Amino acid sequence: MRVPEKYLKPYDHTQAEPTVYRKWESSRYFNPDTLAAGDSDTQTPSFSIVLPPPNVTGTLHTGHALGLTIEDIMVRFHRMNGNKTLWLPGTDHAAIATQSKVEKELAKDGVRKHDLGRDAFLEKVREFAQNSHDTIVNQVKKMGASVDWSREAYTLDEQRSVAVRTVFKMMYEDGLIYRGEKIVNWDPKGQTTISDDEIVYQEEKTKFYYLKYGPFTIGTARPETKFGDKYVVMHPDDKRYEKYKHGDTLEIEWINGPITTTIIKDESIDMEFGTGVMTITPWHSAVDFQIAEKHKLDKEQIIDQYGKLLPVAQEFAGIKITEAREKILEKLKEKGLFIKEEDYTHNIATAERTGGIIEPQIMKQWFIAVDTPFTLRTSHLDGIKSGATVTLKQLMRHVVEKGLTEILPERFEKTYFHWIDNLHDWNISRQIWFGHQIPVWYRSTNAHGRQNGTPSDSRGVETYVGIEPPEGNGWEQDPDTLDTWFSSGLWTFSTLGWPLDDARGKPTLQPDGTINPESDLGIYHPTSVLETGYDILFFWVARMILMTTYTLGTIPFKTVYLHGLVRDKNGRKMSKSLGNIIDPLDLIETYGTDALRMSFIVGNGPGNDLNLSEDKIRAYRKFANKLWNITRFVLEQTEETDDTKPDNLSETDTAYIQELETLTANVTNQIKEFKYHFASDNLYHYVWHTFADIILEQEKKILSEGNETEKTSARYTLRHILRTSLILLHPFMPFITEEIWQDIKREDDRDLIVTRWPLSK
RNA sequence: GAUCCUUUAGCUCAGUGGUAGAGCGUUUCGUUGACAUCGAAAAGGUCGGUGGUUCGAUCCCACCAAGGAUCACCA
């Protein structure tokens with residue numbers, strides 16, 4: 001065997017990486033079905049991961065690259081261990097995120113979505129999403145991700161839409177999805193409601209005003225909402241206001257003239273804050289809303305959906321609240337109702353995607369009830385029987401509490417429980433166009449007469465909830481769409497085909513409704529690991545647990561592995577405004593995917609944020625080159641070796657191989673225990689500082705001075721250690737190891753990606 | 001306000017109940033016939049502070065300090 005010429009030059013990842021990926025893809029190694037022929041053992045347990053579907057809002061960032069690296073390590077390791085391994089890719093339509101992105105793009109040309117209309121606008125969004133999708137797929141490939149492209153899914157494709165509508169109908173029938181008039185988070189900028197989790201609090205310095213309200217002094221930061229305030233609330237134990245009784249009424253002079261106000265005593269009032277007295281605006285404050293509900297008080301809307309004052313404000317009607325404040329203060333001063341103002345710092349709620357300032361509103365919206373007991377159809381969960389009465393919150397808590405699903409690092413379990421305890425009913429309807437339209441249809445009974453089986457409310461509107469549109473005329477579908485996390489909550493099982501057929505055409509469910517064990521769902525679900533960033537623990541991980549336990553009565557995954565944020569080298573979050581965003585593709589171009597992957601993994605424990613420095617990546621590019629040169633040396637020295645173990649292996653060589661076996665055992669355990677930072681670091685040091693610095697140098701002497709027996713022993717040892725190192729390094733640095741493997745493998749060896757791990761059964 | 005995390009060499013970070021490790025950087029020497037380099041070696045840390053448990057703590061516990069994150073939120 002001659003040493004290939006490429007080894008006379010430094011390792012060129014730009015040459016090797018695309019070629020190697022194409023080879024894997026064309027050999028269909030990523031698809032467990034084509035592998036089963038001989039590369040993977042169908043008897044072993046399956047190993048499955050779903051790719052956290054990237055949003056089709058543009059391109060992948062370094063955080064995605066980190067996740068892809070960790071997931072690919074898991075997947076390659078298990079594939080090499082003979083598990084029937086599936087890594088299922090896909091993308092997320094990301095509803096609001098994508099729509100607002102496209103709206104911004106259109107705004108650059110002065111186009112608004114209403115100019116286009118729903119259908120034409122959606123066409124634009126689809127086009128944009130398709131472009132993003134194509135970019136993302138290319139990036140995923142660049143990272144070396146061994147995902148099964150034949151099973152690729154999209155949260156908004158037809159199969160996933162059926163899953164969404166099916167779950168919606170189930171939950172509606174179980175009384176878990178309901179339409180209600182409640183206080184919600186209205187985003188005036190995005191013109192939609194959002195869930196509590198989509199709120200970002202931002203600190204704001206403002207003024208706090210003291211106003212004369214009859215005999216009381218009330219404090220407020222928002223005088224512009226106070227027109228309709230006709231209840232004044234204080235703590236029942238507050239001695240200062242003893243003489244006022246709950247329910248008493250007073251005639252007082254207020255902003256636009258005299259009003260009648262009613263005294264309300266409520267324990268939720270903080271006596272220490274301000275004067276201990278406040279007026280309430282139930283339509284535009286969650287806390288006030290609760291007080292109003294509790295005491296059955298009137299609620300009145302003050303601000304419209306565009307953030308303008310309504311006629312109740314009289315002379316201020318039609319003015320934007322941001323402009324109204326000063327004018328109202330002026331009037332209060334004129335009327336002698338203004339007492340004083342103070343500096344005040346508080347947090348205001350903004351919408352995650354649009355940045356709009358949230359204005360709470362009472363609106364008719366769809367919700368998922370998290371505290372409502374229902375009968376769980378089927379349960380395979382330890383500790384909960386089929387037919388048991390539970391709440392969604394209890395299900396979510398149960399699986400983690402009982403260890404059915406394990407969260408790594410463990411400390412996030414506490415965070416998870418805390419979130420569940422504070423969870424309110426989930427507002428799932430959005431007033432945007434892009435997404436799964438709510439599978440509910442309405443028609444007036446006045447025109448068509450009442451139908452059987454469809455409920456009709458007091459105003460004579462029939463409601464139909466179904467997977468397919470209803471028969472008959474006059475039905476109109478609810479114009480709202482679903483929160484994007486509704487569809488991504490189904491991701492582990494909707495991608496495997498539920499409730500129809502899987503990607504191989506096998507029915508997911510058997511006629512009796514149980515899961516077909518031959519289907520993808522039967523084979524790969526629950527999935528083995530969910531790997532994602534800790535920043536979407538609530539958004540996504542918790543929602544998947546909710547949706548899966550409810551729908552299938554199983555956990556969605558056995559282990560949740562959370563990685564941290566990728567920051568810049570100074571530890572700052574990457575953001576457009578800071579201009580410190582690093583494109584993973586640039587790093588790959590310069591240093592190679594293998595180097596980038598190693599720099600993500602070495603020294604980065606689970607759940608810890610990672611500061612990305614190019615020095616570190618450069619160090620691992622050097623490591624790749626080191627491996628390349630080790631190979632050059634070994635190939636040059638072992639041209640006539642056939643890789644059979646010689647009978648007379650020298651004592652030193654035996655010791656070297658023993659040491660390698662210890663390393664193999666350690667690395668294997670570390671990977672099994674999710675300690676990739678140990679495994680990669682150990683491999684790095686072994687290859688460089690033991691194999692290259694010590695073993696190779698010793699063998700060099702033997703190869704020039706030793707006798708034939710010693711030389712044979714040395715040649716075998718060098719090749720054996722190199723071969724084994726390549727196998728062990730492959731999950732971490734898949735490209736260069738496969739590239740080298742092609743030049744050192746035996747005739748009957750398979751490609752490295754499907755070569756058996758040394759300790760696998 | 002609640003909870004959690006971090007605090008280890010100049011920088012960025014691993015790590016262990018028994019006299020501290022890596023990468024980058026710095027200094028010296030060597031090599032340039034595996035290595036657009038590499039090798040050998042050196043300097044550099046009272047492992048945030050104070051107590052406690054222990055034969056022994058950087059590692060366990062308590063408290064304190066600084067920085068950060070998440071959640072909640074007061075009108």
Side-chain angles (χ1 to χ4, degrees), chain A residues 3 7-12 196-197 199-201 208-211 218-223 225-226 229 232-234 266 268-281 284-288 291 344-349 409-423 534-535 537-538 564-565 567-573 598-599 601-605 607-637 675 677-678 680-682 684-685 688-689 692-694 696-697 699-700 703 718:
Chain A
V3 180
Y7 288 99
L8 303 180
K9 288 184 291 183
Y11 173 59
D12 180 6
D196 297 343
D197 294 289
I199 287 179
V200 178
Y201 287 98
F208 191 73
Y209 308 96
Y210 289 88
L211 307 176
I218 60 159
T220 181
R222 298 196 61 190
T225 65
K226 295 283 146 198
D229 288 9
V232 59
V233 193
M234 59 214 71
D266 193 278
S268 63
I269 299 297
D270 181 357
M271 289 188 268
E272 307 296 316
F273 189 86
T275 56
V277 183
M278 70 172 196
T279 61
I280 57 169
T281 316
H284 301 290
S285 155
V287 176
D288 295 1
I291 293 173
Y344 183 53
T345 306
H346 70 154
N347 290 330
I348 53 166
E410 209 180 329
R411 64 184 139 96
F412 285 104
E413 293 192 355
K414 213 166 183 174
T415 322
Y416 173 82
F417 291 133
H418 184 251
W419 177 80
I420 291 178
D421 294 341
N422 284 300
L423 187 63
Y534 65 72
D535 51 330
L537 178 62
F538 308 138
L565 252 54
R567 299 169 176 277
D568 74 0
K569 65 175 178 180
N570 300 315
R572 297 176 309 177
K573 227 171 175 170
M598 280 296 273
S599 71
I601 299 303
V602 178
N604 181 237
N608 290 342
D609 290 355
L610 169 80
N611 296 354
L612 191 65
S613 95
E614 293 206 28
D615 279 347
K616 192 173 172 189
I617 311 174
R618 198 174 292 122
Y620 291 104
R621 181 179 61 179
K622 275 161 72 177
F623 177 61
N625 197 50
K626 186 78 182 178
L627 193 60
W628 191 249
N629 281 299
I630 291 171
T631 306
R632 171 178 171 181
F633 178 80
V634 172
L635 288 176
E636 280 171 353
Q637 298 299 323
K675 293 175 179 167
H677 58 306
F678 280 139
S680 53
D681 202 30
N682 282 341
Y684 172 87
H685 283 97
W688 199 313
H689 300 300
D693 289 351
I694 299 171
L696 201 138
E697 292 299 327
E699 304 289 26
K700 194 189 281 180
L703 288 169
L718 283 173

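All of these numbers come straight from a predicted model, not from anything done at the bench. By convention in this document, chain letters (A, B, ...) are assigned in the order of the sequence lines, proteins followed by strands, and residues within each chain are numbered from 1.
Residue contacts for Asn608(A): at a heavy-atom cut-off of 4.0 Å it reaches the sugar-phosphate backbone alone, with no base atom in range. The residue Lys414(A) sits close only to the backbone: its heavy atoms come under 4.0 Å of sugar-phosphate atoms, none of a base. Ala692(A) comes within 4.0 angstrom of a base, heavy atoms only. Asn604(A) comes within contact range of no nucleotide atom at all, as no heavy-atom separation falls under 4.0 Å. Using a 4.0 Å heavy-atom cutoff across all strands shown, Leu565(A) reaches no nucleic acid atom at all. No contact: Leu537(A) has no heavy atom under 4.0 Å from any strand. Using a 4.0 Å heavy-atom cutoff across all strands shown, Asp270(A) reaches at least one base atom of the nucleic acid. Nucleic acid contact for Val634(A): none, since no nucleic acid atom lies under 4.0 Å from a heavy atom of the residue. Ser613(A) comes within contact range of no nucleotide atom at all, as no heavy-atom separation falls under 4.0 Å.
Across the P atoms, G68(B) and C61(B) are found 25 Å apart, a figure rounded to whole Å. With both ends at atom P, the span from A57(B) to G18(B) equals 12 Å, rounded to whole Å. A gap of 32 Å separates the C1' atoms of U26(B) and A65(B), to the nearest Å. Atom P of C4(B) sits at a distance of 26 Å from the matching atom of C47(B), rounded to the whole Å. For the P atoms, the distance linking C11(B) with G45(B) amounts to 13 Å, nearest Å. To the nearest whole angstrom, the two P atoms, one in C24(B) and one in C38(B), are 9 Å apart. Separating the C1' atom of U7(B) from that of U50(B) is a span of 16 Å, rounded to the nearest Å. Taking atom C1' in both A43(B) and C29(B), one finds a spacing of 15 Å when rounded to whole Å.
Within a 6.0 Å radius of CD in Glu697(A), other residues, nucleotides and ligands contribute more than 12 heavy atoms.
Evaluation of the salt bridge (Lys or Arg N to Asp or Glu O under 4.0 Å) test over residues 625-634 of chain A, restricted to residues two or more places apart or in two chains, returns Arg632(A)-Glu636(A).
Not a single donor-acceptor pair under 3.5 Å links the side chain of Asp681(A) to the backbone N or O of Val602(A). With hydrogens and angles disregarded, a donor-acceptor distance shorter than 3.5 Å links the side chain of Asn629(A) to the backbone of Asn625(A). A donor-acceptor pair under 3.5 Å is absent between the side-chain atoms of Ser285(A) and the main chain of Thr281(A), judged by distance alone.
The separation between Ile601(A) atom CD1 and A22(B) atom P is 21 Å, rounded to whole Å. Rounded to an integer number of Å, the gap from CG of Leu610(A) to C1' of G23(B) is 13 Å. One interatomic measurement links the two molecules: CG of Asp693(A) to P of U31(B), which rounds to 18 Å at whole-angstrom precision. The interatomic distance linking Lys573(A) (NZ) with G67(B) (P) rounds to 19 Å, in whole Å. When the P atom of U12(B) is taken as reference, atom CG of Asp615(A) falls 12 Å away, rounded to whole Å. The distance from atom NE2 of His418(A) to atom P of A2(B) is 11 Å, rounded to the nearest whole Å. If you take CG of Asn611(A) and C1' of G23(B), they are 14 Å apart, rounded to a whole angstrom. Remark: C1' of U31(B) and CG of Asn629(A) are 15 Å apart, rounded to the nearest angstrom.
Note on Lys616(A): every side-chain N or O is 4.0 Å or more away from OP1 and OP2 of G23(B). Contact check, His677(A) against G15(B): a side-chain N or O comes under 4.0 Å of OP1 or OP2. Residue Lys622(A) places at least one side-chain N or O under 4.0 Å from the OP1 or OP2 atom of C24(B). Checking the phosphate oxygens (OP1, OP2) of A69(B), no side-chain nitrogen or oxygen of Tyr534(A) falls inside 4.0 Å. Considering only side-chain N and O atoms, Asn682(A) lies nowhere under 4.0 angstrom from the phosphate OP1 or OP2 of A22(B).
Nearer to the 5' terminus of RNA chain B, by closest-nucleotide assignment, is the contact made by Gly603(A) (compared with the other of Asn625(A) and Gly603(A)). Between Trp688(A) and Asp681(A), the residue whose closest nucleotide on RNA chain B is further toward the 5' end is Asp681(A).
Annotation: the span from Ile218(A) atom CD1 to Ile280(A) atom CD1 amounts to 11.5 Å, rounded to 0.5 Å. In this structure, the separation between CG on Leu423(A) and CG on Asp196(A) is 8.0 Å, given to the nearest 0.5 Å. Considering CG of Leu612(A) and OG of Ser599(A), their distance stands at 6.0 Å, rounded to 0.5 Å.
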Between side-chain atoms of residues 409-417 of chain A and protein atoms elsewhere (two or more places apart, or another chain), which donor-acceptor pairs fall under 3.5 Å?
residue: Arg411(A); atom: NH2; partner: Asn608(A); partner atom: OD1; Å: 3.3
residue: Glu413(A); atom: OE2; partner: Ile407(A); partner atom: N; Å: 3.2
residue: Tyr416(A); atom: OH; partner: Met396(A); partner atom: O; Å: 2.7

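For Arg411(A), taking side-chain heavy atoms from C-beta onward, the closest of the listed nucleotides C74(B), C5(B), A22(B) is C5(B). For Phe678(A), the side-chain atoms get nearest to G15(B) when compared with the rest of C13(B), A69(B), G15(B). Between U70(B), G23(B), A14(B), one nucleotide has an atom nearer to the side chain of Ala619(A) than all others, and that is G23(B). Relative to the side chain of Tyr684(A), the nucleotides U12(B), C38(B), G23(B) differ in distance, and G23(B) lies closest. For His685(A), the listed nucleotide lying nearest its side chain is A22(B); candidates were A22(B), C73(B), A14(B). Checking C74(B), C71(B), A40(B) against every side-chain atom of Phe273(A), the shortest atom distance belongs to C74(B).
Within 3.5 Å, a donor on the side chain of Glu697(A) pairs with an acceptor on the base of A34(B), or the reverse. Put simply, the side chain of Asn347(A) and the base of C73(B) share a donor and an acceptor less than 3.5 Å apart.
In this structure, Phe623(A) and Tyr684(A) have tilted ring planes: the angle between them lies in the 30° to 60° band.
With pairs defined as Watson-Crick or G-U wobble and both atom distances under 3.5 Å, the stems of at least three pairs that touch RNA chain B come out as B:1-7 with B:65-71, B:10-13 with B:21-24, B:26-30 with B:38-42, B:48-52 with B:60-64.
Contact of the Val232(A) side chain with the Met278(A) side chain is not registered, since no non-hydrogen atoms from C-beta on lie closer than 4.5 Å.
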